[in-house]
Amino acid sequence: MINGRGKKTTQRVSRMRKIKTRTLLLVGTLGLLLVLNLCKDFIDRKTVHLHLDVKEDNSQIRRPTTNNSYVYSWPKCQRNVTAENITGFNSLPGVIKDFLYFRHCRHFPMILDLPDKCGGAEKSAEVFLLLVIKSSPVNYDRREVLRKTWAKERLHNGVWIRRIFISGTMDAGFEKERLNKLLELEQREYNDILQWDFNEKFYNLTLKQILFLEWMERNCPNARFHLNGDDDVFANTDNMVEYLQGLKDNDGNKHLFTGHLIQNVGPIRSTWSKYYIPVQVHKSDSYPPYCGGGGFLLSGYTALVIYNMSQSITILPIDDVYMGMCLAKAGLKPSSHMGVKTAGLYIPSSTLDKFDPCYYKEVLLVHRFLPPHMYLMWHRINDPNLKCGPSKKTL
């Protein structure tokens with residue numbers, strides 16, 4: 001039997017235990033909150049660190065379009081500020097600095113897509129010659145002329161020629177919206193534009209090639225051959241089809257990369273040049289052999305090889321050189337074709353008409369042409385009444 005004093009002692013111990021329990025719970029809660037806060041801070045700092053390092057979020061988002069197809073959307077690529085640690089960075093021109101800041105970026109949101117251009121991946125072997133034409137949003141007049149001339153989608157010699165323009169975006173604000181709307185209207189009418197949301201500028205030409213190759217691997221992997229060229233070249237695509245059909249034992253399933261071959265050259269180190277490449281971008285003083293980027297022909301096999309090699313080769317802003325680098329890594333070589341004139345066509349005398357169609361009837365490609373000259377030349381070389389002497393066929 002507990003007396004009064006013992007009862008009070010028991011009650012006091014009970015209260016002490018309750019206070020102790022509450023204190024422990026409070027301390028535990030505070031400790032848990034502290035741990036969670038530290039974890040959050042670590043995650044935040046880790047995220048910032050990842051942005052400062054050369055990292056991209058590679059999670060694609062499929063975004064539906066108005067025609068119930070999908071475009072592949074990527075999160076915005078972050079600037080790599082650690083590029084500022086490169087020796088001599090502050091002395092570089094602004095365009096080179098921008099290139100180095102975003103050199104790691106290989107994925108951009110897609111604005112206009114053509115998932116069924118080749119009939120789907122399974123039927124893409126039905127495309128014999130895929131015309132892949134680099135074009136800036138502002139070049140509406142060039143695209144319109146090409147659609148009516150050498151880039152017209154058609155059946156020639158029993159095989160299909162298909163056309164794609166590849167483009168980025170230009171300017172900002174209202175002007176960017178207007179140019180994007182222009183391409184959207186063209187897309188509705190012609191269904192021939194791939195557009196990504198990256199800046200359309202010279203130092204992003206390699207990026208444009210990589211984005212196309214990624215699209216090709218997904219949507220048109222079995223096209224037999226590609227013409228890769230600018231929108232200011234004159235291309236005799238009928239001649240191209242006949243040349244490609246005449247290849248021995250190559251229906252697009254073997255290596256082919258041919259054009260105006262350039263070799264034994266290296267980076268231009270002069271800052272005034274459009275093609276300026278400092279050592280901070282490319283250390284070597286030499287380039288592998290490559291074909292001039294105005295226009296070249298390649299097989300579907302080689303296009304896929306270049307795509308695979310590009311996954312592990314750092315981007316160089318000169319796109320034709322970069323293609324040569326991919327070929328070199330794969331142990332393949334580009335070849336020369338005398339019918340590809342990316343440096344222009346040599347006319348032997350100033351007294352002769354440099355736009356005489358007889359000079360162009362037998363070639364594959366000439367760089368460069370204004371739209372009116374392009375339109376006229378295409379119709380003149382296809383005039384059944386055109387008569388040409390032998391002296392004008394083999395320049």
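Note that this is a predicted model, so its numbers are computed, not measured.
Judged by distance alone, the side chain of Q245 and the main-chain N or O of V159 form no donor-acceptor pair under 3.5 Å. For E184 (side chain) and I111 (main-chain N/O), no donor-acceptor pair under 3.5 Å exists by modelled atom type. Judged by distance alone, with hydrogens and angles left aside, the side-chain atoms of D197 form no donor-acceptor pair with the main-chain N or O of F108 at under 3.5 Å. Without hydrogens or angle criteria, K148 side chain to Y375 main chain gives no donor-acceptor distance under 3.5 Å. Not one N or O on the side chain of S270 forms a donor-acceptor pair closer than 3.5 Å with the backbone of W272. Remark: the backbone N or O of G168 is paired with a side-chain donor or acceptor of E200 at under 3.5 angstrom. The main-chain N or O of V363 is found under 3.5 Å from a side-chain atom of N239 such that the two form a donor-acceptor pair. The main-chain N or O of G339 is found under 3.5 Å from a side-chain atom of H337 such that the two form a donor-acceptor pair. Checking side-chain atoms of K117 against main-chain N and O of N191 turns up a donor-acceptor pair under 3.5 Å. Under a 3.5 Å cut-off, the side chain of N236 and the backbone N or O of K361 do form a donor-acceptor pair.
The structure places CD1 of I193 at 7.5 Å from OG of S135, a figure rounded to the nearest 0.5 Å. Between the CD1 atom of I318 and the CD1 atom of I268 there is a distance of 8.0 Å, given to the nearest 0.5 Å. Remark: Y203 OH to D98 CG distance equals 11.0 Å, nearest 0.5 Å. In this structure, the separation between OG1 on T302 and CG on L256 is 6.0 Å, given to the nearest 0.5 Å. The structure places NZ of K123 at 13.5 Å from SG of C220, a figure rounded to the nearest 0.5 Å. One finds the CG atom of D231 at 7.5 Å from the CE atom of M374 (value rounded to the nearest 0.5 Å).
Between F89 and Y101, a ring centre-to-centre spacing shorter than 6.0 Å is recorded. A centroid separation of 6.0 Å or more is found between the aromatic rings of Y243 and F225.
Using modelled atom types and a 3.5 Å distance limit, the side chains of E217 and N308 yield no donor-acceptor pair. Residues Y190 and E144 have side chains that bring a donor and an acceptor to within less than 3.5 angstrom of each other.
With respect to E177 and K181, no salt bridge is recorded, no charged nitrogen being found less than 4.0 Å from a carboxylate O. Ion pairing between a basic and an acidic side chain is recognised when a charged N comes within 4.0 Å of a carboxylate O; K134 and D230 show such pairing. Salt-bridge check for R224 with D251: passed, with a basic side-chain N closer than 4.0 Å to an acidic carboxylate O. With salt bridges taken as basic N to acidic carboxylate O contacts below 4.0 Å, one links R147 and D192. Under 4.0 Å is where a charged nitrogen must lie from a carboxylate oxygen, and between D171 and R178 no such pair does.
In the displayed structure, K333 atom NZ is contacted under 6.0 Å by at most 12 heavy atoms of other residues, nucleotides or ligands.
Each of S336, S299, S335 was checked for a side chain to side chain donor-acceptor pair (under 3.5 Å) with T258, and the lone residue meeting it is S335. Residue E214 forms a side chain to side chain donor-acceptor pair (under 3.5 Å) with just one option from Q311, Q209, H107, and that option is H107. Each of Y287, Y322, Y275 was scored for a ring pair (Phe, Tyr, Trp, His ring centres under 6.0 Å) with H282, with one residue passing: Y287.
You'll find the side chain of W150 reaches within 4.5 Å of the side chain of L131, heavy atoms only. Contact annotation: the side chain of L114 never approaches that of N219 to less than 4.5 Å [non-hydrogen atoms, C-beta and beyond].
Ring orientation note: the planes of H373 and F355 are tilted relative to one another, at an angle of 30° to 60°.
Here the closest heavy-atom approach between residue I381 and residue F234 is recorded as CD1-CZ, 3.5 Å. Closest of all the heavy-atom pairs between S167 and L183 is OG-CD1, 3.9 Å. When all heavy atoms of V281 and R103 are compared, the closest pair comes out as O-NH2, 2.8 Å. M323 and F257 make their closest contact through CB-CZ, 4.2 Å (heavy atoms, listed as atom of the first residue, atom of the second, distance). Closest of all the heavy-atom pairs between P289 and Q263 is CB-CB, 4.1 Å.
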